[in-house]
**Student:** 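One structure coming up, written as structure tokens, with questions to follow.
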Amino acid sequence: MSAEDMLRAAVARAAVDLGAPADFAAHLERPRDPSFGDWASNAPMALAKVLRRKPLDIAHDLVARLDVAAAGVREAYVAPPGFLNFRMAAGAEAARLGEVIAAGAAYGRTGEGQGAPANVEFVSANPTGPLHVGHGRQAALGDAVAALLEATGWKVTREFYYNDAGVQIANLALSVQARVRELAGQPLEIPEGGYHGEYIRDIARDYVAAHPDDTHGANLEQVRMFAVAALRHEQDLDLQAFGVKFDVYYLESSLYDEGKVDETVAMLQAAGHTFEKDGALWLRTTDYGDDKDRVMRKSDGTYTYFLPDVAYHVTKWRRGFHRAINVQGADHHSTVTRVRAGLQALDMGIPAGYPEYELHQMVTVMRGGEEVKISKRAGSYVTVRDLIDEVGRDAVRYFFLMRKSESPLVFDVELARSQSEENPVYYIQMAHARLCGIFRVGEVDAGTVTGAGVDYALLNSDDERELVKALLGYPALVTTAARSRAPHLVASYLLDTARLVHTWYHKHHVLGEPEPIRAARLTLVRAALVVLRNGLELLGITAPERM
RNA sequence: GCGCCAGUAGCUCAGUUGGAUAGAGCAACAGCCUUCUAAGCUGUGGGUCGGGGGUUCGAUUCCCUCCUGGCGCACCA
């Protein structure tokens, strides 16, 4: 039992003695201001109502009854308006650094998910163009959310859904065909809703080279397949450059090929939630919270996008993913209610909140102080690879993750480049590299630093105590970030912790100090390295040993 | 008009199940390199947490309402 748990239990025990309900759970927190001690509890205020007494009176009674020396508490005192503040004995908290080191790469990981399968779907770009910055944000976010779930005990599958069927792909095929014909000397006629990007011209050229027998693009199906394959390959290269790996690529077309779309329609009809109107087949999504009913099968006999979406999520459920998280742009939020409604209408026992959605706001790209309008159709573009080439993979990852997903993100390309020296990601990496330097310069084998025999009371400066507290708070941070699917909390934590490291590093030396101090500080350094490395790993950012 | 998201320091943003004097980075100003990386450190100034109600011992946090901005409201995805 950790000191924290012992302290919490002791407070609860004393509270029950004073008449609190037997199941009273004491809340402990790290006070923002160190002058309020190392731990604080609001128990007296929480108990004021049920005990019908003043918080301060309760607080004094609690302190009188508390026996917390065993938990490492040096001093327990009352602070208005009714807090209990605890100051820990010297070294009481630092004594746990050995656990951090022993856990190593596993430090911060929990078994909360119990190995249950979880599916994280992200990027899922149509194969109609290269990945742009919006996809970049989603790639960084989805990968980090997946990593957070893995760190908390889920068996994660990273999945990419290719919308390789439907109207957009037809437009793509026609656009490439138009460029092929242009190459053959015919006038350019890109269809309504077609794609104008330069990359379409490249694909057309490659197509003609690969199919000299079809210089006019007469075989539209062949053009389509060629274009989709080419763009999938491009997107793979983008993802590779970004260091994102998927376990499953799921093709929308396979849902049609395998009859899953038809099957879903039949199931919905059998469940009795459909009706026909104006020559179309509708789903009564209003039964499940939608504001209007939705067309499933258009009057021309083809399906709307939402039906394969439902069929696709049925496969997720049947593949054993009873937890599914979809990372999507907020501009798709209208699909949430619809997909869930479709799954509910199947009456197959899928929970109402399935799948979960992590929606992120848009990315605006600034270049030269002006917004770059992103339009696939107009061909105005900033690709993920452009960004990585200019700013570097680590910085791109960090910038995409440093804000909560609900906030819009402005990515000023030139700013990210010009400020690279003051970039927060370098600040964090520098903290890691500096600490590595201590082992390197001192010619100390980090593996020999385990904390054994160390006098932790020597780590008693304010800087050291703050750093120790931050390191010990890492597992709780990971748990919180995973539960709320919020990698930005990790980014923010790392920045704070790196600051503590730099401050400490500046004030305290390790090498050349008397042996007991040197040993204690080396232990602190190694524990800090473990945390920085694990945190950066979660975000998909490297932890360089020297810079 | 309806729905979702946001509004916190000059700028960009954090703020963990409601807690104490609301934080960080950048920018501004003043300092610090003979010692493990100055890509660093120390200090100073900077706020009507969009407005107004409500719940609470206590609200940036929860509820209501209004204002502003973004996104979405297809037999497109």
**Student:** Closest to the A/Asp331 side chain: B/A77, B/G19, B/G72?
**Tutor:** B/G72
**Student:** Nearest whole angstrom, please: distance from the C1' of B/C36 to the CD of A/Glu545.
**Tutor:** 15 Å
**Student:** For B/A24, take OP1 and OP2 only and decide whether either is under 4.0 Å from a side-chain N or O of A/Tyr493.
**Tutor:**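 For B/A24, neither OP1 nor OP2 has a side-chain N or O of A/Tyr493 closer than 4.0 Å.
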**Student:** What is the distance, to the nearest angstrom, from the CG atom on A/Leu409 to the P atom on B/U12?
**Tutor:** 13 Å
**Student:** What does B/G69 pair with, Watson-Crick or G-U, if both distances are under 3.5 Å?
**Tutor:** B/C5
**Student:** Under 4.0 Å from OP1 or OP2 of B/A77: is there any side-chain N or O of A/Thr335 that close?
**Tutor:**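 Answer no for this pair, as no side-chain N or O of A/Thr335 is under 4.0 Å from OP1 or OP2.
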**Student:** Ring of A/Phe83 versus six-membered ring of B/A20: centres under 5.5 Å and planes under 30°?
**Tutor:**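 Given the distance and angle limits, yes, they stack.
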**Student:** Quick check: do A/Lys316 and A/Asn326 have side-chain heavy atoms less than 4.5 Å from each other?
**Tutor:**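 Yes, at least one pair of side-chain atoms sits under 4.5 Å.
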**Student:** Check the distance between B/G19's C1' and A/Asn85's CG and give it to me in whole angstrom.
**Tutor:**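 Roughly 12 Å, once rounded to whole Å.
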**Student:** With rounding to the closest Å, how many angstrom separate the P atoms on B/C11 and B/G53?
**Tutor:** 26 Å
**Student:** Applying a 4.0 Å non-hydrogen cut-off, can you work out what A/Lys54 is touching in the nucleic acid: base, sugar-phosphate, or nothing?
**Tutor:** nothing
**Student:** Quote, to the nearest angstrom, the P distance that separates B/C13 from B/A20.
**Tutor:**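 It works out to 25 Å between them.
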**Student:** Between B/G52 and B/U60, how far apart are the two P atoms, rounded to whole Å?
**Tutor:** 12 Å
**Student:** Would you measure the distance from the P atom in B/G15 across to the matching atom in B/U55 and give it in whole Å?
**Tutor:** 28 Å
**Student:** Parallel, tilted or perpendicular: which fits the ring planes of A/Tyr162 and A/Tyr249, with parallel below 30° and perpendicular above 60°?
**Tutor:** parallel
**Student:** If you measure from CD1 on A/Ile58 to CG on A/Leu51, what distance do you get to the nearest 0.5 Å?
**Tutor:**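 Separation between the atoms: 4.5 Å.
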**Student:** Nearest to the side chain of A/Asn42, heavy atoms from C-beta on, is which of B/A39, B/U37, B/G19?
**Tutor:** B/G19
**Student:** Classify the nucleic acid contact of A/Pro55 as base, sugar-phosphate or nothing, counting any heavy atom under 4.0 Å across all strands shown.
**Tutor:** nothing
**Student:** Taking syn as within 90° of 0 and anti otherwise, name the glycosidic form of B/C63.
**Tutor:** anti
**Student:** For a quick check of understanding: with a heavy-atom distance under 4.0 Å over all strands, which category does A/His332 fall into, base, sugar-phosphate or nothing?
**Tutor:**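 Result for A/His332 = base.
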**Student:** What is the distance from CZ of A/Arg32 to P of B/G23, rounded to the nearest Å?
**Tutor:**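 Rounded to the whole Å, the gap is 6 Å.
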**Student:** May I ask which nucleotide in the shown strands pairs with B/C32, Watson-Crick or G-U wobble, both distances under 3.5 Å?
**Tutor:**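 Per the H-bond distance test, B/G40.
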**Student:** Would A/His509 count as stacking on B/U35 if stacking means ring centres less than 5.5 angstrom apart and planes tilted under 30 degrees?
**Tutor:**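 Yes; by the centre-distance and plane-angle rule, A/His509 counts as stacking on B/U35.
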**Student:** So A/His333, base contact, sugar-phosphate only, or nothing? Heavy-atom distance under 4.0 Å.
**Tutor:** base
**Student:** Please pick, from B/G72, B/C75, B/A20, the nucleotide with the shortest atom-to-atom distance to any side-chain atom of A/Pro31.
**Tutor:** B/A20
**Student:** Between A/Thr337 and B/C4, is there a contact of a side-chain N or O with OP1 or OP2 at under 4.0 Å?
**Tutor:**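 Answer is no, no contact under 4.0 Å.
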**Student:** Quick one: look up who B/A22 pairs with, Watson-Crick or G-U, both distances under 3.5 Å, and put none if it's unpaired.
**Tutor:**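 Result: none.
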**Student:** When you measure from the side chain of A/Glu93 to the backbone of A/Lys469, do you find a donor-acceptor pair of N or O atoms at a distance under 3.5 Å?
**Tutor:** no
**Student:** Could you check which nucleotide pairs with B/U56 in any of the strands shown, counting Watson-Crick or G-U wobble with both distances under 3.5 Å?
**Tutor:**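 Per the H-bond distance test, none.
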**Student:** If you check every side-chain atom of A/Val295, which of B/C75, B/A77, B/A39 has the closest atom?
**Tutor:** B/C75
**Student:** Taking atom types as they are modelled, is there a donor-acceptor pair under 3.5 Å from the base of B/C13 to the side chain of A/Ser407?
**Tutor:** no
**Student:** Does the side chain of A/His508 get closer than 4.0 angstrom to OP1 or OP2 of B/C36 through an N or O atom?
**Tutor:**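 No.
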**Student:** Should A/Pro408 and A/Met362 count as side-chain neighbours, where that means a heavy-atom distance under 4.5 Å?
**Tutor:**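 Heavy-atom side-chain distance check fails, nothing below 4.5 Å.
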**Student:** Using a 4.0 Å heavy-atom cut-off across all strands, classify A/Ala40 as base, sugar-phosphate, or nothing.
**Tutor:**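 Base contact - A/Ala40 has a heavy atom under 4.0 Å of at least one base atom.
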**Student:** Can you check the distance between B/C73 and B/C64, where both ends of the measurement are the C1' atom (answer in whole Å)?
**Tutor:** 25 Å
**Student:** Round to the nearest Å and state the distance from A/Leu401 atom CG to B/U12 atom P.
**Tutor:**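 Distance check: A/Leu401 CG to B/U12 P gives 20 Å.
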**Student:** Taking any heavy-atom pair under 4.0 Å as a contact, classify A/Ala476: base, sugar-phosphate, or nothing.
**Tutor:** nothing
**Student:** Side chain of A/Ala433, heavy atoms from C-beta onward: which of B/A20, B/U37, B/A74 has the nearest atom to it?
**Tutor:**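 Given the options B/A20, B/U37, B/A74, the side chain of A/Ala433 is closest to B/U37.
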**Student:** Quick check: on RNA chain B, is the nucleotide nearest A/Arg499 upstream (toward 5') of the one nearest A/Leu489, or the reverse? Name the residue that is more 5'.
**Tutor:** A/Leu489
**Student:** Could you check A/Val510 against A/Met45 and say which one's nearest nucleotide on RNA chain B is further toward the 5' end?
**Tutor:** A/Met45
**Student:** Specify the separation, in whole Å, of atom CG of A/Asp394 and atom P of B/A39.
**Tutor:** 18 Å
**Student:** Taking the P atom in each of B/G54 and B/A59, what is the distance between them to the nearest angstrom?
**Tutor:**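 These two P atoms come out 12 Å apart once rounded.
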**Student:** Once you round it to whole Å, what is the distance between P of B/U16 and CG of A/Leu28?
**Tutor:** 18 Å
**Student:** What integer distance in Å separates A/Arg403:CZ from B/G25:P?
**Tutor:**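 Taking atom P of B/G25 as the reference, CZ of A/Arg403 is at 16 Å.
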**Student:** Do other residues, nucleotides or ligands put more than 12 heavy atoms under 6.0 Å from A/Glu545 CD?
**Tutor:**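 No, not enclosed.
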**Student:** In Å, rounded to the nearest 0.5 Å, how long is the span from CZ of A/Arg403 to CZ of A/Phe411?
**Tutor:** 9.5 Å
**Student:** Using the C1' atom in both, what is the distance from B/A9 to B/U44, to the nearest Å?
**Tutor:**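 Per the computed distance, 15 Å lies between those C1' atoms.
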**Student:** The side chain of A/Glu29 lies closest to which of these nucleotides: B/U37, B/G19, B/A14?
**Tutor:**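 So the nucleotide nearest the side chain must be B/G19.
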**Student:** Sub-3.5 Å donor-acceptor pair from the side chain of A/Thr302 to the main-chain atoms of A/Lys298, do we have one?
**Tutor:**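 Between the backbone of A/Lys298 and the side chain of A/Thr302 there is no qualifying donor-acceptor contact (under 3.5 Å).
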**Student:** Does A/Lys298 have a side-chain nitrogen or oxygen under 4.0 Å from the phosphate oxygens OP1 or OP2 of B/C76?
**Tutor:** yes
**Student:** Between B/A39, B/C36, B/A24, which nucleotide gets closest to the side-chain atoms of A/Ile438?
**Tutor:**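 So the side chain of A/Ile438 is nearest to B/C36.
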**Student:** Under 4.0 angstrom, heavy atoms only, what part of the nucleic acid is A/Leu511 near: base, sugar-phosphate, or nothing?
**Tutor:** base
**Student:** What distance do A/Lys54 atom NZ and A/Met45 atom CE have between them, rounded to the nearest 0.5 Å?
**Tutor:**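 If I round to the nearest 0.5 Å, the distance is 16.0 Å.
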**Student:** Please check the phosphate of B/A38 (OP1 and OP2 only) for any side-chain N or O of A/Arg434 closer than 4.0 Å.
**Tutor:**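 Yes, within the criterion.
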**Student:** With respect to the phosphate group of B/A74, does any side-chain polar atom (N or O) of A/Lys292 fall under 4.0 Å of OP1 or OP2?
**Tutor:** yes
**Student:** If we take the P atom in both B/C36 and B/A28, what is their distance in whole Å?
**Tutor:** 29 Å
